[in-house]
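I have placed the structure first, in the form of structure tokens, so that the comments after it can refer back to it.
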2 protein chains.
Amino acid sequence: MTAVKRADARKNIESIMDAATACLARDPDVSVAEIAKAAGVGRVTLYGHFESRATLVTQVVARAIQQSDEALGAVDLDGDPRAALRRLLEASWKLTQQYGALIVAAEQSMPHEQFQAIHVGLIDRWKPLMERGRSEGSFRDDQPLQWQLTLLQSVLHAASGAVYRGEIDAAEAAGLIDGTIQAALTAPE
Amino acid sequence: MTAVKRADARKNIESIMDAATACLARDPDVSVAEIAKAAGVGRVTLYGHFESRATLVTQVVARAIQQSDEALGAVDLDGDPRAALRRLLEASWKLTQQYGALIVAAEQSMPHEQFQAIHVGLIDRWKPLMERGRSEGSFRDDQPLQWQLTLLQSVLHAASGAVYRGEIDAAEAAGLIDGTIQAALTAPE
DNA sequence: GAGATAGTGAACGTCAATGTACAGGTTAAG
DNA sequence: CTTAACCTGTACATTGACGTTCACTATCTC
């Protein structure tokens, strides 16, 4: 009963998780074979470390969620809501670029409740700031909070797609996102 | 060589197209079996009328595109750009609800160029109004037009998802979409 | 250097979906 | 009423992905 795995095994597990993250971020339906190839590893090796495609996805998602949660938790949400929003958007944009469609893969491969729990956890990083901004009059509150949260996600996702298709430059995306969201959260007149 | 098909055959073809539209709008990956069941028809019958899944999707998409194009073409785009935008958004929202994820199915089942042609055709319904609104000062022009077009689609899609998940009411969606887009197209200050 | 640990490709069984073939039962249309 | 057109369920071949087994090789660790 070895307590720790061999060095090459650990390295391969890392490679697989990284490759799976990258692949799933692009296409939530990638085959295990492709992930293995991208990781520079035999398909059988992958199955030696992960019981099934589902468990691999689950673990990859778990890691991504953890890192995302840490990254968002490190953002300073105090002070002017608009400035805080900008900081939060910038951090979220980086995560969106990194993980892209991974969320879709998660939705398809995980039990619905588990996914819901994770998703809610991430959304809750946004909620307090949005609520504060609304009550302080920085953001419009003539629309449901839930809709505004959905909108945030949607715009980030849209930007990710636009960059992927080459419609906009990755460098200018952050500015566009911020400019768009800030405007969308401003009531007319 | 019968010139016209029998009445029940025509009726079944209709049922299949309708069912396929509804199913594909919800899930771009529905199986042929499910579509047939939804149409109240045997799977074999479906294959009697459509060579393959791909041709079925293509025909369904073609019909949807044609109806969409007609609906959008009927919208009055003259006068105040803001008012015209509201009319165009309302029409587009109806189409989005009807066809939902059908566009995704099209992307997966059709040759890329053909899809591109169709997509560009639909986008072009928006472009002139957006360009006019920008040059007349009604809409902000400090962001790429392409990004604003992407944003429009994204918001419509987001609303569709939100309604599906029960987050917002279908009745209020149109107002939210318009309120959001109008604000997003307004430059701050 | 020896042995446990890990990696490899090839082969296999399973499963779900696509598409086809067939043998009969229905029904529209003249 | 007759018949050709149509529908149906079952069965089958095919494909692609998943997951496992096996015999063998490579390499980490002590």
Side-chain angles (χ1 to χ4, degrees), chain A residues 1-24 26-61 101-102 104-111, chain B residues 1-24 26-61 101-102 104-111:
Chain A
M1 192 66 81
T2 51
V4 292
K5 304 219 168 204
R6 241 170 60 178
D8 54 349
R10 286 199 307 272
K11 183 172 63 67
N12 276 341
I13 292 177
E14 269 304 299
S15 300
I16 292 169
M17 298 264 296
D18 290 345
T21 302
C23 290
L24 290 168
R26 270 183 277 118
D27 175 10
D29 299 319
V30 217
S31 70
V32 171
E34 260 184 90
I35 294 174
K37 181 182 290 183
V41 123
R43 202 167 62 94
V44 183
T45 302
L46 191 154
Y47 278 108
H49 294 302
F50 300 91
E51 262 191 0
S52 68
R53 188 184 193 283
T55 60
L56 171 60
V57 172
T58 300
Q59 286 194 230
V60 164
V61 168
L102 189 54
V104 179
E107 198 164 7
Q108 288 172 1
S109 309
M110 291 169 54
Chain B
M1 190 69 83
T2 51
V4 294
K5 304 221 168 205
R6 242 171 59 176
D8 52 352
R10 286 199 308 273
K11 182 170 65 65
N12 276 339
I13 291 178
E14 270 303 301
S15 301
I16 291 170
M17 297 264 298
D18 290 346
T21 303
C23 290
L24 290 168
R26 269 182 276 118
D27 175 11
D29 299 320
V30 217
S31 70
V32 172
E34 260 184 89
I35 295 175
K37 181 182 289 183
V41 123
R43 201 168 62 94
V44 183
T45 302
L46 192 153
Y47 278 107
H49 294 302
F50 301 91
E51 261 190 2
S52 68
R53 187 184 195 283
T55 59
L56 171 59
V57 172
T58 300
Q59 288 196 230
V60 164
V61 168
L102 189 53
V104 179
E107 199 165 8
Q108 290 172 359
S109 308
M110 290 170 55

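By convention in this document, chain letters (A, B, ...) are assigned in the order of the sequence lines, proteins followed by strands, and residues within each chain are numbered from 1.
- For A/R10 (side chain) and A/K5 (main-chain N/O), a donor-acceptor pair under 3.5 Å exists by modelled atom type.
- Closest non-hydrogen pair, B/H49 versus B/A9, comes out as CE1-CB, 4.0 Å.
- For the atom pair A/L24 CG and A/M17 CE, the distance stands at 11.0 Å (nearest 0.5 Å).
- Protein atom CZ of A/F50 is 20 Å distant from nucleotide atom P of D/dA17, rounded to whole Å.
- When rounded to the nearest whole Å, the span between CZ of B/R10 and P of D/dC7 equals 12 Å.
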Could you write out each protein N or O paired with an N or O of nucleotides 23-26 of chain D at a distance under 3.5 Å?
none

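- The OG1 atom of B/T58 sits 5.5 Å away from the CE atom of B/M110 when rounded to the nearest 0.5 Å.
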Return the polar atom pairs (N/O with N/O) between nucleotides 15-18 of chain C and the protein under 3.5 Å, or none.
{"from": "C/dT18", "atom 1": "OP1", "to": "B/V32", "atom 2": "N", "distance (Å)": "3.1"}
{"from": "C/dT18", "atom 1": "OP1", "to": "B/R53", "atom 2": "NE", "distance (Å)": "3.3"}
{"from": "C/dT18", "atom 1": "OP2", "to": "B/V32", "atom 2": "N", "distance (Å)": "3.2"}

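- Here the C1' atom of nucleotide D/dC28 and the NZ atom of A/K11 are 12 Å apart, to the nearest Å.
- In this structure, A/Q108 atom CD and D/dC18 atom P are separated by 13 Å, rounded to whole Å.
- In this structure, CD1 of A/I35 is placed 12 Å from C1' of D/dC18, rounded to the nearest angstrom.
- We find that CG of A/D8 is positioned 7 Å from P of D/dT29, with the value rounded to whole Å.
- Summarising the local packing, CD of B/E51 is surrounded by 12 or fewer heavy atoms from other residues, nucleotides or ligands at distances under 6.0 Å.
- For the OP1/OP2 pair of C/dG7 and a distance below 4.0 Å, the side-chain nitrogens and oxygens of A/N12 include at least one atom meeting the criterion.
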Output side-chain donor-acceptor pairs under 3.5 Å for residues 29-47 of chain B, partner residues at least two apart or in another chain, one line each.
{"from": "B/S31", "atom 1": "OG", "to": "B/E34", "atom 2": "N", "distance (Å)": "3.2"}

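- In this structure, B/T55 contributes its side chain and B/S52 its backbone to a donor-acceptor pair below 3.5 Å.
- Put simply, CD on B/Q59 and OG1 on B/T21 are 11.0 Å apart, with the number rounded to the nearest 0.5 Å.
- Between B/H49 and D/dC7 there is a side-chain polar atom (N or O) within less than 4.0 angstrom of OP1 or OP2.
- Residue B/A7 has its side chain nearest to C/dA29 when only C/dT8, C/dA29, D/dT8 are considered.
- To the nearest 0.5 angstrom, B/I13 atom CD1 is 12.0 Å from B/D18 atom CG.
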